[in-house]
Structures are given as structure tokens and as C-alpha cells.
Visitor: 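One structure follows; several queries about it will come next.
These numbers come from a predicted model, not from an experiment. Sequence lines set the chain letters: A, B, ... in the order given, protein chains first and strands last, and positions in each chain run from 1.
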Protein chains: 2
Amino acid sequence: MNLPPLVQTFVLHFGEMGSRWGVNRTVGQIYALLFVAPEPLNADDIVEALGVSRSNVSMGLKELQAWSLVRLRHKPGDRRDYFAAPEDIWVIVRTLIEERKKREIDPTLSLLRETLMERPESEFERHAQERMREMHDLIDMLTDWYADVRAIETERLVQLMKLGSKISRVLDFRERLGFSIKRDGSQIPSPDNEEGSR
Amino acid sequence: MNLPPLVQTFVLHFGEMGSRWGVNRTVGQIYALLFVAPEPLNADDIVEALGVSRSNVSMGLKELQAWSLVRLRHKPGDRRDYFAAPEDIWVIVRTLIEERKKREIDPTLSLLRETLMERPESEFERHAQERMREMHDLIDMLTDWYADVRAIETERLVQLMKLGSKISRVLDFRERLGFSIKRDGSQIPSPDNEEGSR
DNA sequence: CCGATATTTCAGAAATAACTGAAAACTCGG
DNA sequence: CCGAGTTTTCAGTTATTTCTGAAATATCGG
């Protein structure tokens, strides 16, 4: 590996972190490299930078594409594929969350739904099913919330996050004005349209 | 493994999922079992239920304790250790998030902070550092937000999540009333104390 | 302090995952 | 449709992780 010290530190770190993130070391290193690179890199650039085999890079890039984490680029008069991480880091974060949800959450939610259809045959099963119901309902609520949040544009999302826990005062406020909290929105005068509220 | 079908399905699923969650199969299975079990289990119960070696269970339980995901219990007149998952599933979720943050986010944040102190020696390093700065600032904001959210009690958190994206209307509202958005709260009349606002 | 019971440690075996080199497959310009 | 350049596939090797059995350590009632 032949990289400037700063970059090397970063790349090695992401290699090690990779395993905690469900990808192997090479994939982590490739992505770290693409992330900091000032322009798209081709597979041979990566081979040279990281000192791993060509086939390993090929597989790593394939995996990063499966995660939708890289963009394919081309240079005129050059047949090779060039790869780049999205310029906008928020795009990366959103993609990561989306993909991890798909891999780590959704399969469990499906399994829970199926399992909750079954009829318990024993007291143990009955209790187990009750616990699974709790888990299902919680994950269900979280994914609904996530679907809502995902739809908020980044700038607005940042503003909201910067409010931090102060956001929770909106509850006191709504309560004081006699808002009821309903998810479908049918009966909820929001702060935007209070006219129906008091 | 000798468990009722419903429970077996659940346990096997968590075993497979375990690898995507940074723990091995046995650890995933043990936790699934403890989660649905109607009462605390000792190590031999687990050995019997899962059909793995005693030492494997011992190591698995140790890891779950390192994650703070299990509670140690004792029965009168019985020297063995009994283990249980927290009754309140929200406690489990909060612990998981906390621990994953500790393992997956915090080390990267530290590394970024250190790396950003260094002086870039080339154009490549300069650009790389710029990207690292973006990453650092984003993670920093997210962890600040998380620290705020973590402090909100569960019931209130659930209410907020159920508002979904409607929560974002609070921004329009504040803006219309001429609120500025500042993190320290010094100059921000919240919806609770509007008197200083116009 | 003894012996019975319970838990942990750890070296080696087994299983799994990552990586490589060589060959196959694909893709263009000519 | 040929062939040079490029990417992908995959069988075999290497590295890593997980799991086990045996031994060591710890704990407790008597």
C-alpha cells in the first residue's frame, strides 16, 4: 500500500471497521479510498493503492455496487470503468441506512409477521409469541417513523436535528391547545392550520 | 436443538442474523432464546435447548454481558447463574443502539478528530482532509442529536415518532413567528415560552 | 479446609470467510 | 469477426473465526 500517511490511516481504519459493518476489510478499504479520492478511480488504481489482487478489487466493487454506494463513471477514449463515491455525503448516509435496514431489519420483520400468524401449541409458545408481538410492534413503529423521516429533505432534516430534544416541546404545546395525536392526520390540526383547533 | 417449532424458527433466524449484527450465531441464538423465555435460564438450560457446548454458551453469555444485554439472576438455594433479557423491550433497543454507537461510530469519530489535526502534505491529502471534515461534522451532528434524543423518556419518544414527518411543520411554524434556530437555546423562545418572540 | 458443584479458560479442531491466480467472458475499434 | 484491452468467475489456498473438550479456576455448604 502506497498512500500519503493521512489517507493510509483513514483507509486502514475503515478496513478494520469494515468487519463491524458487515463488509470485509478490502471492501472497507476500497470505499475509504473512493471517499477521499479527488476524482474517480479505476480498478487498477485501487489495486496499486491498496496492494490487493485485481480479482479481490473486482469483487469488492461489485459488493459496493450491490450496496448502491458507488457511482460508475467513464472517461472519453478510455474503456476502463471508473468508480466514485457520491459527492454528497448525505446521499451516502441515506443509502447506508436504507441498505442496512433492508438487510438487518426487513427480514426479521417478515419472519415476525409470519410467526405471529401461527397458533401457539404450548404455554411456552404462547409467551414467546407475546414477546415476538412486542418486538414486531416496536420495529413496525420504527420503520413507519423511518419512512416518514426519509421523505424529509436533507436541509430540513438538519434543522430538525439541530433542535435536538427541544423538539419534544411541540408535544406540550399541542397538548395545551387540545390537539389529539393521530397518525393518519385526519383530525389533527397541525401548527400550520390551527383554525380548527380551539 | 429441541424447542417448540415457533421458538425454534425464531432462534434459528436470530442465529443467522447474528452475523449481520456483529455477533456470532451462538450469541444470536442465546439471545433469541432468552428474549422469548418466560423466565431466566441457566447455562445448562441453554446448552440443552440449543445443542451447543457448555463452553460456547459460557463465552456467548460473557459477550452478551459485555453488550449489557442480559441481566444476571439467582434463585434461592441454587448456586447457578440465571440469565434473562430485560423485560422492557425499549431497554433492549436503547442498549443496542448505545453499544453499536460505541463500537461502530465512536472509534471513527476519534480517528477523524485526530486526523484533522494533521497538516496535509499534498493536494491529495488536502482534499482527503476536506472529505474527512465533512464526515466528521456530519457524525458529530448525528451524535449530538442522538445524545438529545436518548435523554427523552420512552413514552414521549413514542409520541414524537408517531407524529412522523408532521413534526417538521414545527419549523414552518417557528419561522413564521420569527424564531431563530440556535442550538444552545439562549435566544430561542420555544413554543413553551413565546412571550419573547415578536 | 474439603469436596461437590459451577464457571471460565484455552489450545487445538472444525467451519467459515477472504483472497489469489489463472482462465473464461465480455466489449469495442477496426 | 478478430484481437487487444478489460472485467468477471471460480477452484484452490490462506486467513480468520467459531466451537469444543479437557483442564484450571472459582465458589460454597458443611
Side-chain angles (χ1 to χ4, degrees), chain A residues 1 11-34 40-67 70-84 103-104, chain B residues 1 11-34 40-67 70-84 103-104:
Chain A
M1 185 181 301
V11 165
L12 291 177
H13 173 82
F14 270 76
E16 315 230 318
M17 251 19 210
S19 36
R20 303 194 180 177
W21 272 79
V23 298
N24 65 41
R25 188 179 40 199
T26 307
V27 171
Q29 291 184 354
I30 293 175
Y31 204 63
L33 183 61
L34 291 178
L41 303 179
N42 65 45
D44 285 324
D45 295 336
I46 298 169
V47 166
E48 192 183 4
L50 303 183
V52 296
S53 74
R54 183 58 234 278
S55 50
N56 197 1
V57 168
S58 178
M59 291 187 297
L61 287 168
K62 215 174 85 179
E63 176 151 11
L64 287 171
Q65 285 177 289
W67 279 78
V70 291
R71 305 221 176 297
L72 191 53
R73 289 289 156 70
H74 284 102
K75 301 199 175 186
D78 186 339
R79 281 170 51 195
R80 290 170 296 178
D81 293 337
Y82 284 75
F83 298 87
R103 285 153 216 252
E104 298 176 4
Chain B
M1 186 180 303
V11 164
L12 290 177
H13 174 82
F14 270 76
E16 314 230 319
M17 250 20 207
S19 35
R20 301 192 182 179
W21 273 78
V23 299
N24 65 43
R25 188 178 40 196
T26 307
V27 171
Q29 291 185 354
I30 292 175
Y31 205 63
L33 182 61
L34 291 178
L41 303 178
N42 65 46
D44 285 323
D45 294 336
I46 299 170
V47 166
E48 192 183 5
L50 303 183
V52 297
S53 73
R54 182 57 233 276
S55 50
N56 198 0
V57 169
S58 176
M59 291 187 298
L61 287 169
K62 215 173 85 178
E63 176 151 10
L64 287 171
Q65 285 177 291
W67 279 78
V70 291
R71 305 219 176 298
L72 190 53
R73 289 289 155 70
H74 284 101
K75 301 197 174 188
D78 186 340
R79 280 169 52 195
R80 289 171 295 179
D81 293 338
Y82 284 78
F83 298 88
R103 285 151 215 253
E104 298 175 4

Visitor: Does atom CD of B:Glu104 have more than 12 heavy-atom neighbours from other groups under 6.0 Å away?
Guide: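 More than 12 heavy atoms, drawn from other residues, nucleotides or ligands, come within 6.0 Å of this atom.
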Visitor: Classify the nucleic acid contact of B:Arg54 as base, sugar-phosphate or nothing, counting any heavy atom under 4.0 Å across all strands shown.
Guide: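 Answer is base: heavy atoms of B:Arg54 come under 4.0 Å of a base.
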Visitor: If you count the non-hydrogen atoms of other residues, nucleotides and ligands that lie under 6.0 Å from CD in A:Gln65, is the total more than 12?
Guide: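 Yes.
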Visitor: Hey, which of these two, B:Ser19 or B:Asn42, hits DNA chain C nearer its 5' end, going by closest nucleotide?
Guide: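 Its nucleotide being nearer the 5' end, the pick is B:Asn42.
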Visitor: Which value, rounded to the nearest 0.5 Å, describes the distance between B:Arg80 atom CZ and B:Asp44 atom CG?
Guide: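 One finds 6.5 Å between CZ of B:Arg80 and CG of B:Asp44.
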Visitor: Which sits closer to the 5' end of DNA chain D, B:Met59 or A:Asp81, going by the nucleotide each is nearest to?
Guide: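 Of the two residues, A:Asp81 wins.
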Visitor: Specify the separation, in whole Å, of atom CD1 of B:Ile46 and atom C1' of D:dC19.
Guide: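 The answer, rounded to whole Å, is 16 Å.
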Visitor: Taking CG from B:Leu72 and P from D:dT27, how many angstroms apart are they, rounded to a whole number?
Guide: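 Between P of D:dT27 and CG of B:Leu72: 13 Å.
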Visitor: Nearest whole angstrom, please: distance from the P of D:dT8 to the CG of A:Leu64.
Guide: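 That distance rounds to 13 Å.
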Visitor: Taking for each residue the nucleotide of DNA chain D bearing the nearest heavy atom, is the 5' side occupied by A:Arg80 or by A:Lys62?
Guide: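 On the 5' side of the pair lies A:Arg80.
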Visitor: In whole angstroms, how far is the C1' atom of C:dT7 from the OH atom of B:Tyr82?
Guide: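 It is 14 Å, rounded to the nearest whole Å.
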Visitor: Expressed in angstrom and rounded to an integer, what is the separation of B:His74 atom NE2 from D:dT27 atom P?
Guide: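 So the NE2-P distance, B:His74 to D:dT27, works out to 11 Å.
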Visitor: At 4.0 Å (heavy atoms only), tell me whether A:Arg79 reaches a base, stays on the sugar-phosphate, or touches nothing.
Guide: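 If one applies the 4.0 Å heavy-atom cut-off, A:Arg79 turns out to touch a base.
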Visitor: With respect to the side chain of A:Asn24, which nucleotide from C:dT9, D:dT9, C:dA18 is positioned closest?
Guide: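 Side chain of A:Asn24 sits closest to C:dA18.
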Visitor: Figure out the CG/P separation between A:Leu61 and C:dA18, and round it to whole Å.
Guide: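 One finds 16 Å between P of C:dA18 and CG of A:Leu61, rounded.
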Visitor: Are there over 12 heavy-atom neighbours, none belonging to B:Lys62, within less than 6.0 Å of that residue's NZ?
Guide: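 Incorrect, the count does not exceed 12.
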Visitor: So how far is it from A:Asn24 CG to A:Glu63 CD, rounded to the nearest 0.5 Å?
Guide: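 Separation between the atoms: 6.0 Å.
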Visitor: Taking the side chain of B:Ser53 as its heavy atoms from C-beta onward, which of D:dC19, D:dT16, C:dG21 lies nearest to it?
Guide: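 Selected nucleotide (nearest to the side chain): D:dC19.
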Visitor: Quick one: label B:Asn56 by what it contacts on the DNA or RNA (base, sugar-phosphate, nothing), any heavy atom closer than 4.0 Å.
Guide: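 If one applies the 4.0 Å heavy-atom cut-off, B:Asn56 turns out to touch a base.
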Visitor: Which nucleotide sits closest to the side chain of B:Ser55: C:dT8, D:dT20, D:dT18?
Guide: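 Taking heavy atoms from C-beta onward, the closest nucleotide is D:dT20.
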Visitor: Rounded to the nearest Å, what distance is computed from the CD atom of residue A:Glu63 to the P atom of nucleotide C:dA17?
Guide: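 Rounded to whole Å, this separation is 12 Å.
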Visitor: Select base, sugar-phosphate, or nothing to describe what A:Asp44 touches, counting heavy atoms under 4.0 Å on all strands.
Guide: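 Answer is nothing: A:Asp44 stays at 4.0 Å or more from every strand.
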Visitor: Tell me whether the OP1 or OP2 atom of C:dA17 has a side-chain N or O from A:Arg25 closer than 4.0 Å.
Guide: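 For C:dA17, neither OP1 nor OP2 has a side-chain N or O of A:Arg25 closer than 4.0 Å.
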Visitor: Between C1' on C:dC19 and CD on A:Gln29, what's the gap in Å once rounded to a whole number?
Guide: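 Distance check: A:Gln29 CD to C:dC19 C1' gives 12 Å.
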